[in-house]
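Here is the structure we will look at.
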Amino acid sequence: MSEFTGFPEAALDFYDDLEMDNTKSFWEAHKAVYTESVKAPMTALTDALAGEFGTPKVFRPYRDVRFAKDKTPYKTHQGAFVAAGPACGWYVEVSARGVRTGAGF
């Protein structure tokens with residue numbers, strides 16, 4: 001477990017570039033950036049908050065395109081959710097636009 005020190009600018013740049021080229025070839029070429037600049041900080045953040053908020057669910061980066069008109073394969077954000085009860089909880093997301101948080105039901 002590593003300490004959360006924030007999301008680097010490379011995470012925002014990664015999603016900005018992914019929005020322009022949402023292809024498997026781009027993903028394969030930049031997967032290390034995703035792993036180091038997006039996934040690792042999100043995991044560190046959720047690990048740091050787990051004691052206070054509960055067990056997190058970090059969402060996968062792949063879209064379910066089976067029934068979608070938009071067939072782009074990757075999400076242009078990384079989200080995580082912690083349930084606080086039935087159908088309610090906390091959410092955090094990082095994307096090209098920055099970081100956003102939410103809570104509700």
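All values below were derived from every heavy atom in this structure, side-chain atoms included, with hydrogens, water molecules and symmetry-related copies excluded.
- Between Tyr74 and Trp27, the ring planes are parallel. Angles under 30° get that label, and only those over 60° would be called perpendicular.
- In this structure, Ala68 and Arg63 approach most closely via the heavy-atom pair CB-NH2, 4.1 Å.
- In this structure, His30 has its ring center closer than 6.0 angstrom to the ring center of Phe26.
- In the hydrophobic clustering of this structure, Phe81 does not group with Tyr62; members are Ile, Leu, Val, Met, Phe, Trp, Tyr whose side-chain heavy atoms approach within less than 4.5 Å, directly or through other members.
- Heavy atoms only, all atoms of each residue included: Phe14 and Val38 are closest at CD2-CG2, 4.2 Å.
- Note that the CG atom of Leu45 and the OG1 atom of Thr101 stand 10.0 Å from one another [nearest 0.5 Å].
- Within a 6.0 Å sphere centred on CD of Glu28, other residues, nucleotides and ligands contribute more than 12 heavy atoms.
- Classified by interplanar angle (parallel below 30°, tilted 30° to 60°, perpendicular above 60°), the ring pair Trp90/Phe53 is perpendicular.
- In terms of heavy-atom proximity, Val92 sits nearest to Met42 at CG1-SD, 3.8 Å.
- Across Ser37 and Phe7, no two heavy atoms sit closer than the pair O-CD2, 4.2 Å.
- Taking CG of Asp16 as the reference point, atom OG of Ser95 lies at 9.5 Å (rounded to 0.5 Å).
- For Lys71, the NZ atom is densely surrounded, since the number of other residues' heavy atoms within 6.0 Å is greater than 12.
- With contacts defined as side-chain heavy-atom distances shorter than 4.5 Å, the pair Glu93/Phe59 does not qualify.
- One hydrophobic cluster holds both Val58 and Leu49 under the rule that ILVMFWY side chains link at heavy-atom gaps under 4.5 Å.
- Under the 4.5 Å side-chain heavy-atom criterion for ILVMFWY residues, a single connected hydrophobic cluster contains both Leu18 and Val99.
- At least one side-chain heavy atom of Phe4 sits under 4.5 Å from a side-chain heavy atom of Pro41.
- In this structure, Asn22 CG and Asp17 CG are separated by 11.5 Å, a value rounded to the nearest 0.5 Å.
- The shortest heavy-atom contact between Arg60 and Lys75 is O-NZ, 3.1 Å.
- Listed for the Thr46 side chain is a donor-acceptor partner under 3.5 Å among the backbone atoms of Thr43.
- For the atom pair NZ of Lys31 and CD of Glu36, the computed distance is 12.5 Å after rounding to the nearest 0.5 Å.
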